[in-house]
Amino acid sequence: MFREDIIIDIFSGWRSFLRKCLFRVLRVGPIPSHIAVIMDGNRRYAKKKKIDDMTGYDAGALALLHLIIYCMELGVKYVTAYAFSIDNFRRHPEEVQKIMDLTMESVMLLTWMSKLRLVRVHFAGNLQLLSADIQDAAKRLMESTAGYKNFVLTICICYTCSDEILHAVEESCKEKWDDGIGIMGYDEANDYERLIKVVDIEKHMYMAIAPDPDILIRTGGEYRLSNFLVWQSSCCHLSSLGTVWPEFGVFHLVWVVLDFQQNYRYVAKKKLQL
Ligand SMILES: CC(C)=CCC/C(C)=C/CC/C(C)=C/COP(=O)(O)OP(=O)(O)O
């Protein structure tokens, strides 16, 4: 479903010109560095449009592609999308296969886009749960784009934040063990001391590649985090939109950024007080 001409089309034409004018105005205020999205409502969109659920996911993937390009134009440096949670393996096998197919297609499209040397692509999650061909293609894409600094796209796949924390704790313990240090220690006063620190855990998180999100958008009218970036979102601006994900467009993005700008000073002050 992804074609290269779709990208060329989004970048050109009068719509692109109007969008750039709108973004220029928006840039008068603070621009978020990192936007994360929970793309909810693809099947509801399909029902509404009387199309099959799989075509709803195609429309969702296209909406994500649009968001990536809008964010690049706006000056947002990091975009993170929740494509597939570990819990989603419990869905109908056809649906699971559809999202895996879309992942493979996106890897191919992003490999084509990587010729532009603009986007660093990162897959965050328990990648061992993916099939061998997707794992290989994803790893190759991550390696080949590792040096690009302009824009970082993270696709969270086979991801839950609890799994991410478990993984980071395991890696931190292994590191201490390899260094010959036990997990708990006692100082001279016999006070309990933690040898695994928050910085150790953060270093081993799948999301260590990006700063914490400034905005977390959830579409589909839900107000839950669904195990997405729970560790990273203590200070981020949460935005729940009633619109279903495939209908998310440039005006929704503008609205969310304006809302973020309105609350910016308050959130920045809160961050300093932490
Ligand atoms: C790059 C890449 C792999 C893109 C993936 C495409 C995509 C849109 C994935 C969304 C995955 C998902 C389970 C969304 C929840 O919506 P839902 O359909 O469960 O929503 P609903 O049932 O509440 O309507």
Side-chain angles (χ1 to χ4, degrees), residues 1-4 6-7 10 35-72 78-114 119-127 129-131 133-135 137-139 141-142 145 151-161 206 216-229 240-249 252:
M1 72 134 267
F2 283 131
R3 291 191 327 265
E4 286 120 28
I6 296 178
I7 303 201
I10 304 173
I35 296 185
V37 275
I38 302 179
M39 307 178 282
D40 205 6
N42 301 282
R43 290 180 297 189
R44 273 173 280 166
Y45 170 82
K47 274 197 190 74
K48 196 170 123 186
K49 296 280 170 189
K50 297 190 174 50
I51 52 176
D52 69 290
D53 287 358
M54 304 308 128
T55 315
Y57 285 120
D58 281 338
L62 197 59
L64 174 60
L65 182 64
H66 277 90
L67 175 72
I68 294 164
I69 292 172
Y70 300 158
C71 285
M72 286 168 85
Y78 299 88
V79 167
T80 300
Y82 201 8
F84 191 81
S85 106
I86 294 176
D87 302 327
N88 288 149
F89 275 114
R90 281 192 239 123
R91 290 193 174 200
H92 192 281
E94 195 194 352
E95 247 176 81
V96 174
Q97 190 53 49
K98 176 68 192 177
I99 297 176
M100 292 302 154
D101 291 347
L102 277 174
T103 307
M104 196 58 174
E105 279 186 52
S106 340
V107 170
M108 277 145 59
L109 181 88
L110 289 162
T111 305
W112 175 81
M113 270 174 90
S114 69
V119 183
R120 175 173 188 184
V121 185
H122 180 66
F123 290 87
N126 194 340
L127 303 189
L129 300 177
L130 291 168
S131 65
D133 57 336
I134 301 184
Q135 266 186 61
K139 278 182 191 153
L141 182 59
M142 285 196 279
T145 60
F151 183 83
V152 181
L153 167 67
T154 303
I155 298 177
C156 290
I157 188 144
C158 303
Y159 174 94
T160 57
C161 196
Y206 300 134
L216 195 155
I217 303 169
R218 178 163 193 157
T219 54
E222 305 282 346
Y223 291 86
R224 291 169 288 119
L225 285 180
S226 299
N227 221 337
F228 180 55
L229 307 186
S240 173
L241 303 179
T243 185
V244 285
W245 173 250
E247 287 179 350
F248 185 93
H252 297 103

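Numbering of ligands and ligand atoms starts at 1, following listing order.
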Rounded to the nearest 0.5 Å, what's the gap from CG on Leu229 to SG on Cys156? Could you check?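 The SG atom of Cys156 is 5.5 Å from CG of Leu229, to the nearest 0.5 Å.
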
Atoms in ligand 1 flagged as close to [X], the criterion being non-hydrogen separation under 4.0 Å:
X      : answer
Gly60  : 8 (C)
Thr103 : 3 (C)
Ser106 : 1 (C), 2 (C)

Once the angle between the rings of Tyr70 and His66 is folded into 0 to 90°, is it parallel (under 30°), tilted (30 to 60°) or perpendicular (over 60°)?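 Aromatic pair Tyr70/His66 classed tilted.
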
May I ask you to decide if the ring planes of Phe228 and Tyr82 are parallel, tilted or perpendicular, using 30° and 60° as cut-offs?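 Taking Tyr82 first and then Phe228, their aromatic rings lie parallel (interplane angle under 30°).
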
Contact partition for Asn88 relative to ligand 1, non-hydrogen atoms under 4.0 Å: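 Under 4.0 Å from ligand 1, Asn88 contributes side-chain atoms alone.
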
As a check for students: among [options], identify the option with a heavy atom nearest to [atom].
atom                    : options              : answer
atom 11 (C) of ligand 1 : Ala59, Ala83, Ser226 : Ala83
atom 24 (O) of ligand 1 : Lys48, Met39, Arg44  : Arg44
atom 18 (O) of ligand 1 : Glu222, Arg43, Glu95 : Arg43

Take Asp52 and Thr55, measure what side chain to side chain donor-acceptor pair (under 3.5 Å) needs, and give me the verdict at the end. CA-CA 6 Å; Asp52 69 290; Thr55 315; 2.6 Å; yes

Strictly under 4.0 Å, does any heavy atom of Gly41 approach an atom of ligand 1?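 It does; at least one heavy atom falls under 4.0 Å.
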
Mark the output for Phe84 as yes if a heavy-atom distance to ligand 1 is under 4.0 Å, and as no if none is.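 Under 4.0 Å: no for Phe84.
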
Nitrogen or oxygen of Tyr82 less than 3.5 angstrom from that of ligand 1: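 Min N/O separation from ligand 1 is not below 3.5 Å for Tyr82.
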
Is there a nitrogen or oxygen of Asp40 sitting under 3.5 Å from a nitrogen or oxygen of ligand 1?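 In this structure, Asp40 places an N or O atom under 3.5 Å from an N or O of ligand 1.
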
Under the side-chain contact (heavy atoms from CB on, under 4.5 Å) rule, collect the residues that match up with Lys47, sequence neighbours excluded.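 Lys47 satisfies side-chain contact (heavy atoms from CB on, under 4.5 Å) with no residue once adjacent residues are dropped.
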
So, does Trp245 use its side chain to make a donor-acceptor pair with the main chain of Gly60 at under 3.5 Å?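 It does hold such a pair.
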
Under the salt bridge (charged side-chain N to carboxylate O under 4.0 Å, His left out) rule, what pairs show up with a residue in residues 59-69, not counting sequence neighbours?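 Output for this query is empty, none listed.
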
Between Tyr159 and Phe123, is the ring centre distance below 6.0 Å?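 Distance test on ring centres: not under 6.0 Å, no.
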
